[in-house]
Every structure is written in C-alpha cells, then in structure tokens.
Engineer: 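Have a look at the structure that comes next, please.
Both counts, for ligands and for their atoms, begin at 1 and track the order of listing.
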Amino acid sequence: MIREQTLRARQKLVSKLPVSGELLRGSLLERTVRHSKDCPKCARGEGHHVFVLTVTYPGGRTRQFSVRRERVDEVRRSLANYQKLKEAIEAICELNHDLLRPDAAAKRRSKKT
Ligand SMILES: [Zn+2]
C-alpha cells in the first residue's frame, strides 16, 4: 500500500533528522576592507580580508555579523547543518503532500456510498 510506504519513508527521515544546535542561516562572505589613510597595509594595496555573515529576513531586511577568522570553520559548519536540516524538513513536507491525497482505498469506499 502506497500510504504505508510513504509513512515508512517519512519515519525513516524523521529518525535521521540532522538535529544540532550548531545552526546558522545566511551567507558567509569574504570582503576586503581598505582604509583610506594611515594604514601601511592598505597603502601597499593589500587591504584586510574580513568575513561577514549576511542574514536576510522576510521583507528583505538584512543583518550582517562580522566573523572572526578563527570562527569561520564553525560558521561554515553551522550553515551546512542548517541546509541539511532544511532539506530534510522539505523532504518530509513533500511526503506529507502525498499523504494529503485521498488514497485508492478511500476512493473505493466513497464510490460505494
Ligand atoms: Zn588597512
């Protein structure tokens, strides 16, 4: 029965949900900051590489957080965890769409009545 298979597939996804507290939404961008004066590094044309986490909210508002270099790996991991969890949730929702459809048995029952 299709419904049973869908429920089993859903249970499998639920039991494997990649739940973690290490979650971040957004994009990690690398930027170069250039000071206009009094900085020898920038005077040499090097600039400073900085990491920024950009988060967009519904309605288009964004927030930016500067990320220290030593926390970049952690931020990348958290962003990946968020994507994995989101994909798993989306897959469960897709199965639930199938479960909303009246199944064949229910159709047969409704024809009889
Ligand atoms: Zn500088």
Engineer: Do other residues, nucleotides or ligands put more than 12 heavy atoms under 6.0 Å from R68 CZ?
Structural biologist: no

Engineer: Would you name the heavy atoms of T6 and L95 that are closest together and state the gap between them?
Structural biologist: CG2-O, 3.7 Å

Engineer: Between atom CD of E46 and atom OG1 of T32, what is the distance when rounded to the nearest 0.5 Å?
Structural biologist: 11.0 Å

Engineer: The criterion is side chain to side chain donor-acceptor pair (under 3.5 Å); which residues satisfy it with R71, sequence neighbours excluded?
Structural biologist: E74

Engineer: I'd like to know if the side chain of R3 reaches the main chain of D98, judged simply by a donor and an acceptor atom lying under 3.5 Å from each other, with no hydrogens or angles considered.
Structural biologist: no

Engineer: Protein N/O/S atoms under 2.8 Å from the Zn ion (ligand 1): how many?
Structural biologist: 4

Engineer: For a 4.5 angstrom cut-off between non-hydrogen side-chain atoms, does N81 reach K84?
Structural biologist: yes

